[in-house]
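Treat the numbers as computed from the prediction; the structure is a model and nothing was measured. Quick note: numbers below take in every heavy atom, side chains included, and nothing from hydrogens, waters or symmetry partners. Each chain gets a letter, A, B and so on, in the order the sequences are listed, and its residues count up from 1.
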Number of protein chains: 2
Amino acid sequence: MAEGNERRYSGRSVQEWKDARRERLLDAGLALFGSEGYQGTSIERLCSTAKVSTRHFYQEFPNKEAVLLAVHEQGVQLGLGKALEALTTAEESIDVRLVDALRAYLHTIITDPRRGRIAFVEVVGVSPAAELRRREFREAIVAVIEEEGNAAVARGEMPPQDFRHLAIALVGAVNGVIYDWMFEDPRPPAEELEAALSTLALRIFGLA
Amino acid sequence: MAEGNERRYSGRSVQEWKDARRERLLDAGLALFGSEGYQGTSIERLCSTAKVSTRHFYQEFPNKEAVLLAVHEQGVQLGLGKALEALTTAEESIDVRLVDALRAYLHTIITDPRRGRIAFVEVVGVSPAAELRRREFREAIVAVIEEEGNAAVARGEMPPQDFRHLAIALVGAVNGVIYDWMFEDPRPPAEELEAALSTLALRIFGLA
DNA sequence: ACTGTGTGAAAACTCCGATTTTCGCTTGGA
DNA sequence: TCCAAGCGAAAATCGGAGTTTTCACACAGT
């Protein structure tokens, strides 16, 4: 005992096994919360589709809500990450930057609408703690938009204004339109969505 | 028997008793869902604060969800009703009409933020059926805004455009900003909110 | 081979809240 | 006065899901 070295089972270390289980649970969470809904999926279901025993479930997460929040965080970071990435390459013009970032964010949901369902519906009103987290995530997104606006003002591209309200409004408007789009049958092509959201973003920022 | 006349208990008819109980349940629903949240309130709690026995509860509603939806519908009709009322008196100018209706709607939530919490949070993701209802309600609001835009086009006040997207965006933006306002401490005065939302509405409609 | 630890599957346990039913009391009409 | 209907409160039933625990097997290291 007192050995610092790790034992390996079937090639993988204990930690790797744990990580793989957690990964599978997150995948199952995305799949089930995104199709059956949060309320509609039991821990047991989560475990069976993830091929993880309930015993190990509780080794990774304290409860179902933690899985939901982890999946949600994944989604937010994915979308925000893509948007930030787009911003690093976009030229210094507020309208271009806004539209590019928006498009990048948008594509993460178009690619996988389950993310949209989770972020817009499943995660809402789950618990006070979850609600708090949700607002924190939204705050992060709002902050990016706000900064972008302030930077544009600093570059003299637009007059100073209250970007916080505008950022919140933009998020609400965009998510609302995307959510609506998700239910259209058949779903209009992404280009249409992009176009609608682009003019929207520009208008909200007073650029059109 | 076979009497078509109704018995009266302590002055009130049986139907009046029923109605009163339903009324109290709706009030309790507004109070509890709006403070403890939907998940956080049990039927028992609902009954005790409404001074209604569980036996009578099931005489009025099939389950807790039905109460939530009824309370939500109340709220939507209240807000939409006020907005429509404002529209009947507003002059024929799209910007005035939009702002007036918005202000009327806004005040129903400022007056009672519990309505906001229920509409924006508690009612979301409760069940597939509830989600459907929610979208129907939103559709009703969107339809009003859309009509308003089309009427403005007919009056030659603005160029034709896709008002559906704009209406959805407006709803999302407005609700988002209001929800954010609800958490500010202290809450900024209503005038500020009105101002922010007014410019927002005008911008989204391309009127500013 | 022998012992430790880790593993998946399943059983067992608990708990809470929804739903149903009972029961004794009050009211109004015959 | 007597009965049927309605009432509030509480008990009893019920079911579902979360959580904990058990168990037999597999693998790695000595």
*Whole Å only: how far is the CZ atom of B/Phe61 from the P atom of C/dA18?*
15 Å

_Using whole Å, what does the distance between atom P of nucleotide C/dG8 and atom CD of A/Glu60 come to?_
11 Å

*For A/Gln39 and D/dG16, what is the distance between atoms CD and P respectively, to the nearest whole Å?*
17 Å

*Carboxylate-amine/guanidinium proximity below 4.0 Å for B/Arg164 and B/Asp162*: no

*Which nucleotide, in any strand shown, forms a Watson-Crick or G-U wobble pair with D/dA17, with both distances under 3.5 Å?*
C/dT14

*asked:* Only pairs with both distances under 3.5 Å count, Watson-Crick or wobble alike; so what is the partner of C/dG4 in this structure?
replied: none

*So does B/Glu44 have more than 12 non-hydrogen atoms from other groups sitting under 6.0 Å from CD?*
no

*Using the six-membered ring of A/Phe33, assess whether NZ or CZ of A/Arg117 lies under 6.0 Å from its centre and within 45 degrees of the ring axis.*
no

*Choosing from D/dA17, C/dT19, C/dT7, which nucleotide comes nearest the side chain of B/Asn63?*
C/dT19

*Mind listing the residues from residues 43-59 of chain A sitting with a heavy atom below 4.0 Å of DNA chain C? Number order is fine.*
A/Ser53, A/Thr54, A/Arg55, A/His56

Which donor-acceptor pairs under 3.5 Å do side chains of residues 124-132 of chain B form with protein atoms, sequence neighbours excluded?
residue: B/Ser127; atom: OG; partner: B/Glu65; partner atom: OE1; Å: 3.4
residue: B/Ser127; atom: OG; partner: B/Glu65; partner atom: OE2; Å: 2.8
residue: B/Ser127; atom: OG; partner: B/Ala129; partner atom: N; Å: 3.3
residue: B/Ser127; atom: OG; partner: B/Ala130; partner atom: N; Å: 3.0
residue: B/Glu131; atom: OE1; partner: B/Gly125; partner atom: N; Å: 3.0
residue: B/Glu131; atom: OE1; partner: B/Arg134; partner atom: NE; Å: 3.4
residue: B/Glu131; atom: OE2; partner: A/Tyr179; partner atom: OH; Å: 2.8
residue: B/Glu131; atom: OE2; partner: B/Arg134; partner atom: NE; Å: 3.2
residue: B/Glu131; atom: OE2; partner: B/Arg134; partner atom: NH2; Å: 2.4

*Going through the checks in order, is the salt bridge (Lys or Arg N to Asp or Glu O under 4.0 Å) test met by A/Arg138 and B/Asp180?*
CA-CA 10 Å; A/Arg138 203 193 52 162; B/Asp180 185 72; 3.0 Å; yes

_Syn-anti status, with the boundary at 90° from 0, for the nucleotide C/dG24_ = anti

_Quiz item: cation-pi between A/Lys64 and A/Tyr38, 6.0 Å / 45°_ = yes

